[in-house]
2 protein chains.
Amino acid sequence: MKINDLTIEQLEKAASMLKAISHPVRIAILNHLENGKKSTVTEIHEALGIEQSAASHHLGILRNNDILVAKRDGKNTYYFYKHDRLNVLIDCISKCACEKV
Amino acid sequence: MKINDLTIEQLEKAASMLKAISHPVRIAILNHLENGKKSTVTEIHEALGIEQSAASHHLGILRNNDILVAKRDGKNTYYFYKHDRLNVLIDCISKCACEKV
DNA sequence: CTTAGATATTTATATATTTGTATAAATTGT
DNA sequence: ACAATTTATACAAATATATAAATATCTAAG
């Protein structure tokens, strides 16, 4: 597979996935979920100290853009990474940010 | 270094860097510049078929967010990656996008 | 100093995102 | 069926972003 010559659709898909990630709260969520960890909306809302509706909203954005998957289990909905590859991306941007702040 | 527990400043830095990348044109620019390649504004404007002012504008966003470096050489200004690590990120999101389109 | 090529900035309009509050929907246990 | 818990959605105000066109700045050469 050639990765250097993307179609317009692929560029737009890449951009929308990245844009979904490009928010401090959502990066914090993704760090929280690294290495296959699964968490509920409430756990994230409490762990990050954000409103419940905000947690749900941000998780919805990540789910709608193929970053996370939601799986219902009784009253709870567990969210987790859709693809392991994204761990690399989150590690990468986290390291970049740590270098530069 | 711990990468899993970022400060708010680091989260915001990571988000602003990612947001800078999160645009189809800018991902195309970054793909064009992969592996240490250097290009001028005009080269990018012609290679991508976008307006000169748009090329300059997008390159400015990438430069202001520590993704690219600009180095003037006579009349030309060469742009290139600030950090090799970003190659990994661009490869990663490109592969993700190719998988899913 | 003037010109031409290369790059950057400004401006305005349209569109999108974020945030909090309130409320609705789904599920379990009584 | 009802109450309690969990999750999702709707709304509105503030803020941010995208886009294109026009213009300005910078640099080398003459």
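All values reported here derive from a predicted model rather than from experimental measurement. Letters go in sequence order (proteins before strands), and every chain restarts at 1.
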Give A:S56 one of three labels, base, sugar-phosphate or nothing, depending on what nucleic acid heavy atoms sit under 4.0 Å from its own. base

Length of the CD1-P vector between B:I44 and C:dA6, whole Å: 14 Å

Between A:R72 (side chain) and A:G74 (backbone), is there a donor-acceptor pair under 3.5 Å? yes

To the nearest angstrom, how far is B:D73 atom CG from C:dT7 atom C1'? 14 Å

In whole Å, what is the span from the CZ atom of A:R63 to the P atom of D:dT7? 12 Å

Nearest-nucleotide check on DNA chain C, B:T42 vs A:K75; residue mapping nearer the 5' end is B:T42

Given DNA chain C, 5'-ward residue of the pair A:I61 and A:R72, judged by closest heavy atom: A:I61

Side-chain donor or acceptor of A:H45 paired with backbone N/O of A:I50 under 3.5 Å: yes

What is the nucleic acid contact for A:S53, judged by heavy atoms within less than 4.0 Å: base, sugar-phosphate only, or nothing? base

Within 45° of the six-membered ring axis of B:Y78 and under 6.0 Å from that ring's centre, is NZ or CZ of B:K38 located there? no

Rounded to whole Å, how long is the line connecting atom NE2 of A:H45 with atom P of C:dG20? 12 Å

In whole Å, I'd like the distance from the OH atom of B:Y78 to the P atom of C:dA8. 13 Å

Answer yes or no: does a side-chain N or O of B:K19 lie under 4.0 Å from OP1 or OP2 of D:dT17? yes

Distance test, side-chain N/O of B:H57 to OP1/OP2 of C:dT7, below 4.0 Å: no

pair A:L68-A:Y81: side-chain heavy atoms closer than 4.5 Å: yes

Counting only side-chain nitrogens and oxygens, does B:R26 get under 4.0 Å of the OP1 or OP2 atom of D:dA18? yes

Looking at A:Q52 and D:dA8, is any side-chain donor or acceptor paired with a base atom of the opposite kind under 3.5 Å? yes

Taking only N and O in the side chain of A:Y79, is any of them less than 4.0 Å away from OP1 or OP2 of D:dT6? no

Give a yes/no on whether any side-chain N or O of B:T40 is located under 4.0 angstrom from OP1 or OP2 of C:dA6. no

Are the side chain of A:R63 and the backbone N or O of A:N65 linked by a donor-acceptor pair below 3.5 Å? no

Starting from C1' on D:dA8, measure out to CG on A:L59 and report it in whole angstrom. 11 Å

Phosphate-side-chain proximity, B:H23 and C:dA16, N/O vs OP1/OP2 below 4.0 Å: no

For A:G74, report the nucleic acid contact type (base, sugar-phosphate, nothing); a contact means any heavy atom under 4.0 Å. sugar-phosphate

Calculate the interatomic distance between A:N64 atom CG and D:dT9 atom P; express it in whole Å. 8 Å

To the nearest angstrom, the CD-P distance between A:E12 and D:dA18 comes to 14 Å

Touch check for A:H58, heavy atoms < 4.0 angstrom, all strands: base, sugar-phosphate only, or nothing? sugar-phosphate

Would you indicate, yes or no, if D:dT7 has its OP1 or OP2 atom less than 4.0 angstrom from a side-chain nitrogen or oxygen of A:N76? yes

Just by modelled atom types, is the B:N35 backbone N or O under 3.5 Å from a matching donor or acceptor in the B:N87 side chain? yes

